[in-house]
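As the structure is a prediction and not an experimental result, all values here were calculated from the model. Letters A, B, ... mirror the listed sequences (proteins, then strands); counts begin at 1.
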Amino acid sequence: MKFATWNVNSLRVRLPQVLDWLETHPVDVLCLQELKLPQDKFPLDAFKELGYQAQWAGQPTYNGVALISKTEGTEVQRNIPGFEDHQQRLIAATYPSSAGPIRVISAYCPNGQDLDSDKYIYKLNWFAALHDWLQEQLEQYPLLAILGDYNVAPTDLDVHDPKKWEGKVHVSAPERAAWQKLIDLGLHDAYRLFDQDSPGFSWWDYRRGAFRRDAGLRIDHALVSNALKPHSQACYVDKDPRSNEQPSDHTPVIVQFNL
DNA sequence: ATGCCAGTATTTTACTGA
């Protein structure tokens with residue numbers, strides 16, 4: 001099995017690229033973020049024509065997440081239970097595998113904007129709520145993967161210019177502590193389970209020729225549970241879509257399992 | 001310190017992103 005995550009920064013604009021990518025890179029579940037689509041504008045038929053099912057949580061203008069899958073997910077959960085949130089940032093569903101049901105989560109963690117912003121407080125609160133809910137989910141679903149745009153670069157290895165980013169949003173100590181709390185639940189950063197010959201950047205700023213200079217961040221991640229870890233076979237970034245005409249500023253991250 | 005670029009909504013800019 002393969003799962004992937006891709007922040008598409010508007011599914012309306014990026015739909016042809018997503019369909020092209022799925023045709024050439026079939027996966028069992030593709031987690032999308034930043035649909036920027038109202039719930040009733042999701043292009044379900046386009047995915048069905050490719051043989052995929054889809055479940056999503058949309059809202060106008062901002063946010064929005066989806067699970068595109070070969071088989072339709074069950075036990076679908078939108079947003080974090082008990083966490084009052086008008087922003088559509090999370091969707092979870094269960095899929096069959098040879099080792100039993102796997103819980104897959106597509107997450108668009110808040111950006112935070114700046115350390116002195118209300119949005120930064122919201123980001124930390126969101127991570128705290130995610131942590132508590134994941135703890136319950138892991139008890140219920142030992143095989144669990146949560147993929148998405150975390151808007152956190154876990155270490156300086158994940159930052160093109162750590163000095164320039166020092167203390168800023170995406171790398172600040174409280175954000176990295178929130179990430180570590182997720183890891184401490186018994187989750188593993190799939191990219192770091194394997195020898196890598198690239199920093200694994202998954203996002204490059206549209207400005208200043210950042211992609212050409214490889215001035216990126218590794219902020220899109222796949223976390224796998226203790227029980228799923230031994231089934232993990234590879235994790236890699238596909239940089240190609242970042243070279244497309246009219247690209248998203250993020251590119252897909254893929255994790256492969258022997259299931 | 002700010003805009004650089006991109007998308008959206010409304011518009012002749014503002015907001016957000018990261």
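Distance, A:Y120 OH to B:dA18 C1': 14 Å, rounded to whole Å. Counting to the nearest Å, the C1' atom of B:dG17 and the CG atom of A:L35 are 15 Å from each other. Rounded to a whole Å, the CD1 atom of A:I219 is 12 Å from the P atom of B:dG17. Whole-Å rounding puts the A:R208 CZ to B:dG3 P distance at 12 Å. Distance CZ (A:R12) to C1' (B:dG7): 8 Å, rounded to an integer number of Å. Across the protein-nucleic acid pair, A:L37 atom CG and B:dA9 atom C1' stand 14 Å apart, rounded to whole Å. We find that CG of A:L11 is positioned 14 Å from C1' of B:dT8, with the value rounded to whole Å. Atom CG in A:D149 sits roughly 11 Å away from atom P in B:dG17 (whole-Å rounding).
The side chain of A:P60 lies closest to B:dA9, out of B:dA9, B:dA18, B:dT8. Residue A:N151 places its side chain closer to B:dA18 than to any other of B:dG7, B:dG17, B:dA18. Relative to the side chain of A:T61, the nucleotides B:dG7, B:dA18, B:dA9 differ in distance, and B:dA9 lies closest.
Among the protein residues, A:D114 comes within range of no part of the nucleic acid, since none of its heavy atoms lies under 4.0 Å from any strand. Counting any heavy atom pair closer than 4.0 Å across all strands shown, A:F211 reaches no nucleic acid atom.
For the side-chain contact (heavy atoms from CB on, under 4.5 Å) test, residues two or more places apart in sequence or in another chain that qualify with A:Q59 are A:Y62, A:N63, A:Q87, A:Q88. For A:K239, the side-chain contact (heavy atoms from CB on, under 4.5 Å) partners are A:W204, A:F211, A:D214, A:V237, not counting sequence neighbours. A:D158 meets the salt bridge (Lys or Arg N to Asp or Glu O under 4.0 Å) test with A:R192, A:R218; sequence neighbours excluded.
For residues 94-107 of chain A, every residue pair satisfying the side chain to side chain donor-acceptor pair (under 3.5 Å) rule, not counting sequence neighbours, is listed here: A:Q33-A:S106, A:E75-A:T94, A:T94-A:R103, A:R103-A:Q137. Residue pairs that meet the side chain to side chain donor-acceptor pair (under 3.5 Å) test with at least one member in residues 44-53 of chain A, sequence neighbours left out, do not exist here.
Between A:R14 and B:dG7 there is a side-chain polar atom (N or O) within less than 4.0 angstrom of OP1 or OP2. At B:dG17, none of the side-chain N or O atoms of A:N7 fall inside 4.0 Å of OP1 or OP2 (strictly under the cut-off). Applying the 4.0 Å criterion to OP1 and OP2 of B:dG17, one finds that A:H250 has every side-chain N and O outside that range. A:Y108 has a side-chain polar atom (N or O) that falls below the 4.0 Å cut-off from OP1 or OP2 of B:dA18. Contact check, A:N9 against B:dG7: no side-chain N or O comes under 4.0 Å of OP1 or OP2. Contact check, A:R207 against B:dG3: no side-chain N or O comes under 4.0 Å of OP1 or OP2.
Comparing B:dT10 with B:dA1, their C1' atoms sit 28 Å apart, to the nearest whole Å. Separation of the P atoms belonging to B:dT2 and B:dA6 is 22 Å when rounded to the nearest angstrom. Here, B:dT13 and B:dG3 have their P atoms 15 Å apart, quoted to the whole Å.
Summary of the strand contacts: A:N63 and A:P247 both lie near DNA chain B, and taking for each the nucleotide with the nearest heavy atom, the more 5' one is attributed to A:P247.
No side-chain N or O of A:N111 forms a donor-acceptor pair with one of A:K123 less than 3.5 Å apart.
Proximity of the aromatic rings of A:F42 and A:F47 is defined here by a centroid distance below 6.0 angstrom, and this criterion is met.
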Restricting to nitrogen or oxygen on both sides, can you table the protein-nucleotides 12-16 of chain B pairs closer than 3.5 Å?
{"unit_1": "B:dT16", "atom_1": "OP1", "unit_2": "A:K119", "atom_2": "NZ", "d": "3.4"}

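With salt bridges taken as basic N to acidic carboxylate O contacts below 4.0 Å, one links A:D156 and A:R176.
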